[in-house]
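Throughout, protein chains are lettered first and strands after them, A, B, ... in sequence-line order, and every chain is numbered starting at 1.
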2 protein chains.
Amino acid sequence: MATSSSSTPVQEPLQQGLHQDGRRLTPQRLRILDLFERLGSGRHLSAEDVHQQLLEGEAKVSLATIYRTLRLLVDMGFLQELELSEAGRRFELSSADHGDHHHLVCIRCGRTEEFESIPVITAGQAAADQHGFDLIESTLNVRGICPDCR
Amino acid sequence: MATSSSSTPVQEPLQQGLHQDGRRLTPQRLRILDLFERLGSGRHLSAEDVHQQLLEGEAKVSLATIYRTLRLLVDMGFLQELELSEAGRRFELSSADHGDHHHLVCIRCGRTEEFESIPVITAGQAAADQHGFDLIESTLNVRGICPDCR
DNA sequence: GTTGTTGCAAAGCGTTTGCAGAAGA
DNA sequence: TCTTCTGCAAACGCTTTGCAACAAC
């Protein structure tokens, strides 16, 4: 049983952070953060992904708790949320000029700046060539935090 | 700036495109595309934004029609949809390095290849720096047609 | 024992869809 | 006329929340 391995490296900092705010360490919270820890950096999961991953193991955590815990872990700084704050799709005119559209988006306020970049076009073309694709369009989305929101 | 003409400049190409597919030019469709045209390139709106903007004028278009029309205009190539990879919120460990998940997607069959590119990371970082953003992540989406579908 | 947390189910919110009436071609 | 399109309202999927039982401290 994997439960015997109490050596989760995240337990201590998590517990400490929780107790500072009068919150409690629960198996559910530990399991969720531990999942991200095991997957390692750079892997991002949706709430549903987390739910599925935990179901594959022997641990079930309700979706409601997953949503609550993800928000908590983001607030505590353990996780980062990758998404436009005021989520939702945006539309804009497709100008015939640029088939090449690059956006710098603030994940807090949604502010968007456009920019162009030759190296990006080149890299997109190179990737297409390498896999035998005919290139149609490439779009670079850069997510970050703008000066006002920092 | 261009002189404002009484006839909307988008009417002709829109009508032509619609008729090619046996579709019809309606005031609603014209109003929506015209709104984007008046705002100009680079301005992006959500469906709700479009709804509000049209309510401010004297023209009301139902939200359902706006959603349908936005999708239509994207399919026809008049508008571009700015949304990050696969919709929905994603979470990842805070300690994560700036990921560069770059995708090469076939628009026919949906086949997806992942690749990495230093120049893209550099370009994303440069754009963030230039606008004073703290970089979190950059994603390059390259759309094309794969060898099998060609 | 006290109080924060969970799971369930119901509510919310943005988006999509079925349908009958309205309107382009 | 013949279809397509619109508006309404209901449906839908994802996320949040109220509440009673439960568990960490």
- Message: Would you say that B:R29 contacts B:R23 through its side chain, given a criterion of any heavy-atom pair below 4.5 Å between the two side chains?
- Response: yes
- Task: Using whole Å, report how far NZ of B:K60 lies from C1' of D:dC8.
- Result: 14 Å
- Query: What nucleic acid atoms does A:R23 come within less than 4.0 Å of, heavy atoms only: base, sugar-phosphate, or nothing?
  - Reply: sugar-phosphate
- Message: Is the phosphate of D:dG7 approached by B:Q28 (side-chain N or O, under 4.0 Å from OP1 or OP2)?
- Response: yes
- Contact nearer the 5' end of DNA chain C, comparing B:A64 with B:P27: B:A64
- Query: Is the distance from OP1 or OP2 of D:dA23 to the nearest side-chain N or O of A:R29 less than 4.0 Å?
  - Reply: no
- Query: How long is the line joining CG of B:D21 and C1' of C:dA25, in whole Å?
  - Reply: 15 Å
- Which atom pair, heavy atoms only, marks the closest approach of A:R31 to A:L54? O-CD2, 4.2 Å
- Query: Can you check the A:L14 CG to D:dC25 P distance for me, whole Å?
  - Reply: 10 Å
- Is A:D34 salt-bridged to A:R38, cutoff N-O under 4.0 Å? yes
- Query: Is the shortest side-chain N/O distance from B:T26 to OP1 or OP2 of D:dT6 below 4.0 Å?
  - Reply: yes
- Please give, in whole Å, the distance from C:dG1 P to A:R24 CZ? 15 Å
- Taking only side-chain nitrogens and oxygens of A:Q15, does any of them come within less than 4.0 Å of OP1 or OP2 of D:dC25? yes
- Protein-nucleotide distance (B:L73, atom CG; D:dC5, atom P), rounded to Å: 12 Å
- Query: Which comes earlier along DNA chain D counting from the 5' end, the contact point of B:I66 or that of A:L63, where each point is its nearest nucleotide?
  - Reply: B:I66
- Query: To the nearest Å, how far apart are A:R31 CZ and C:dT5 P?
  - Reply: 16 Å
- Query: To the nearest angstrom, how far is A:H19 atom NE2 from D:dA23 atom C1'?
  - Reply: 13 Å
- Query: For A:Q52 and A:E56, does a side-chain donor sit closer than 3.5 Å to a side-chain acceptor?
  - Reply: no
- Message: Please evaluate residues B:D129 and B:Q125 with respect to the criterion side chain to side chain donor-acceptor pair (under 3.5 Å), reporting the C-alpha separation (whole Å), side-chain torsions for both, the decisive distance (0.1 Å), and the verdict.
- Response: CA-CA 6 Å; B:D129 289 347; B:Q125 183 65 64; 2.9 Å; yes
- Task: Can you check whether any acceptor in the base of C:dT16 is under 3.5 Å from a donor in the side chain of B:R68, or vice versa?
- Result: no
- Item | Phosphate-side-chain proximity, B:T65 and D:dG7, N/O vs OP1/OP2 below 4.0 Å | yes
- Starting at atom CG of A:L70, determine the distance to atom P of D:dT16, rounded to an integer number of angstrom. 9 Å
- Task: Return the nearest nucleotide to the side chain of A:S62; candidates are D:dT16, C:dG7, D:dT3.
- Result: C:dG7
